[in-house]
Amino acid sequence: MARDPIVKRLSCAACPLLRAGLAAFALGPVFIPFPALTQVLAQLHVRTFTLSSDRYALHVGEQLHLTIVVHVDERIGQLDNVTLPDLSGFDVYGDERRCARARRGGTDCTEVVLIAPKETGDRTIDPVTLDAVDARNHRPSRFASNRVTLHVTGEPFSATDAARQVSHVALDTLVVLGAAAIPFVLGLLLLRATRRRPASPPPVAAPPAPSPLVRPVDPLLRLVVSLRDEPGRARVLAVRDELRRRVGARDEETLGDLEARDAARNKPALGDALRAIEYAAFVEEARLVDAVREALPALERLVAAADPVGAAP
Amino acid sequence: MTVTQQIAPRPADLLEALRATIVGQRAVLDALVHALIAGGHIVLEGPPGLAKTLACRALASAVGGTFKRVQFTPDLLPSDIVGTRIFDQRSGDFTTSFGPIFANMVLADEINRAPAKVQSALLEAMQEGQVTIGPHTFSLPDPFVVTATMNPLDSEGTYALPLAQLDRFLVKVLVDYPTRDEELRILERFGGEPPAMPRDVVGIGDVVRWRGDARAIYVEPRLSAYAVQLVAATRAAHDYIDRGASPRATLALVALARARALVEGRTFVVPDDVRAGAAPVLRHRVALNYRALAERVDPEEIVASIIAGVPTP
C-alpha cells in the first residue's frame, strides 16, 4: 500500500507523534468508525430479531452463550446501531459478530456474547435494540428483540446434574466423532469410486470438515427435563421464553397472535404446547404444579416431534 | 329415587344464546357479556342498522331482568330519565313516579342526541348506583347496566359526550358492517318473521354470582403491571394525544380481563385477556389534541400503536 503523501513529506525525526496523528486523520474515514457516519441509520426491512440463550437454568459463574439473530431483507456487510442491554449482573467474556447472506434472501446477522451470571435469582436480560430506518414506512425506528429470563441458582452441581452432564458430554463426543468420521468415509468411498472408473472427471474436493464445535443439546429438551424434575414458576417462564423464541414471537405478541400463525395452526403439538405453557406461566401459585403436570405431555410431544419447530440454531 | 341436579348456567351459555340470535358481531357480543360480568356500562358506536339495539335487547331478554329503553332526543328532560314527584290530589300528598332508569338493563339509544343535562342525569346514576328524586334517594337495582348507542355519521344536532362522562363507560365498542357471508345469513334469519329472542337463559342471580366469581380470578403481578403500563403509555408524550387515560381505565382493564377469563372457563388471567380489553377500554378515554384533529388522524390507529408498543409479559 502506497504511503500517504502527507506523511511522506514529514521526515523530521522530532515529529513522530504529529506524523502518527496525521496518518490517523488521513486514514480515519477508512479504518476508524467515524461517529458522524454511524449516526446515519441504515434503511432496513427487519424480519426477525431474537435474543436467546443456550441455557436458561444455570448456576452462578456458569457460562452461557447469548445469541442475537437479526434477519433483514437487504444484503448488508455489517449491522450498526445494535445496543446490548445492561449486563451489569454478568461477567462478559467476549463477543463475536458476523453477517452472512441468508438462503431465503437477505442477510442473517448473528452476535454471540459469552457471559456468566454473578448473582442468584431470576435474571431478566432486557431486549437488544437496533436503530434503523424502517423500510416499510421510511421512518427512523427502534426495533427491539424479546427479553430472556434466566434462573440462576447458587448451589453447586448435584450428583444428578453431574451425571446428566457426563451423559450429555458422552453423547456429544459420539456426535463429534461421528461427524468427523463422515468426511473420512466419504473420502474413502470417493477414492474407491475413482479407482474403479479411471475415465471419470477429476475428483471433487472432499467437503470441508464440520466445525469442531460440540453439538448443543436441544435447549428446549433440557428445559422441559428441568421443569419436569422441579416444577417452578421460573422454569415455566424459561420454557415459555424458549418456545416464544422458537416461533419468533415479538415482544408485543400474545398467545392469541402466535396461535393464529400458520406454524401453530399446522402443528397442533406446537399450539398445544404454547397454550399449556402460557397457562402454567400465569396460573395461581396453588395450582402451578398441576398446571405444569398438565403442560408436560404437550411439551414432550413437541420435543419428540420429528421436526420440532425452530430447531435449535 | 331420581335426583335432579340443577346445572348452574355458565357465562359461555349466555354468549352462545346471543350468538344464536345475532349474526356475526362477535366483538360486540363478547364486550356486552364481559362488561355485564365486570359490572360496567357499555357504549356502542356504529352506523345505523348494525344490530346495536337488537344486541342490547337480546342481552336483556337472555338475562331475564327488567329492561327499559329510552330514545334520547334533544327535548328530553332529566326527569324523563330518573323520574319525578307528582302531587296526588286524592291523597293530598306527593308520590314518586320512577323513570325508566329503574331497570336492570337500560338501553340509552342515541345518547348523544340529548343535551348535556340529560346525559349528566344518566351518567350520575351510572356512577353512584342511586338516584335522588325530590328529598328521597333511591338505589338502582342490582345489577344495573346501561348500554348506550351512538351513531358517528349524523353529527348534526348531537351533543358530544365530554371525556369525563365517557370515562364512566367501562368499554366503548365499535360496531362494523358484517361480511358478505354474515349478511347472507342475516337475510336468511331475519328476512321473514321477526327473530326469536333468547329468553331467560340465565337469571339475575347468576349474573350476581358471576360477578363474585370474576372478582376471585387470579391476576399474576406481571399482568397487573402490564395493565398499568398499557394505561400509562397513553399518558406518555405523544404527537397526537392531549390527555391520557385515568387510573379508572386500569381498574376497568383488569376487571374486563377477569371477566374474559371467567367466560373462557379459567381461574386466572393471561396476557390475551388484558390486551383484548385494551382497545375497548382506552379508545374513549384518550383525548386527541388539535393537531390530530387537524390532520384527521384515526384515533383507532393511535390507540392500536400505543397498545402494540407495550411488550407483553
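Naming convention: chains lettered A, B, ... in sequence-line order (proteins, then strands); numbering from 1 in each chain.
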message: I'd like to know which of B:Leu223, B:Val310, B:Ile217 tops the heavy-atom pair count under 4.5 Å against chain A.
response: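 Highest number of pairs under 4.5 Å: B:Leu223.
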message: Is B:Val219 close to chain A through its backbone or its side chain, or both, or neither, when contacts mean heavy atoms under 4.5 Å?
response: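 Interface part for B:Val219: neither.
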query: Centroid-to-centroid, A:Tyr279 to B:Phe268, below 6.0 Å?
result: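 Yes, the ring of A:Tyr279 comes within the 6.0 Å limit of the ring of B:Phe268, centre to centre.
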task: Could you tell me which of A:Thr254, A:Leu255, A:Asp257 has the largest number of non-hydrogen atom pairs under 4.5 Å with chain B?
output: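 Sorted descending by pairs with chain B, the first entry is A:Thr254.
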Less than 4.5 Å to any heavy atom of chain B: does that hold for the side chain of [X], its backbone, both, or neither?
X: A:Arg275; answer: neither
X: A:Arg244; answer: side chain
X: A:Arg250; answer: neither

- prompt: Yes or no on salt bridge (Lys or Arg N to Asp or Glu O under 4.0 Å) for B:Arg291 and B:Asp242, after CA distance, side-chain angles and deciding distance?
  reply: CA-CA 10 Å; B:Arg291 186 179 163 193; B:Asp242 191 18; over 6 Å; no
message: Counting only heavy atoms from other residues, nucleotides and ligands, does the tally under 6.0 Å from CZ of B:Arg26 exceed 12?
response: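 Open: at most 12 neighbouring heavy atoms sit under 6.0 Å from CZ of B:Arg26.
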- request: Check B:Asp273, B:Asp30, B:Asp272 against B:Arg260 for a salt bridge (Lys or Arg N to Asp or Glu O under 4.0 Å) and give me the one that passes.
  value: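 Exactly one pass, corresponding to B:Asp273.
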Main-chain N/O of B:Ala292 paired with B:Glu295 side-chain donor or acceptor, under 3.5 Å: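 Answer holds: no.
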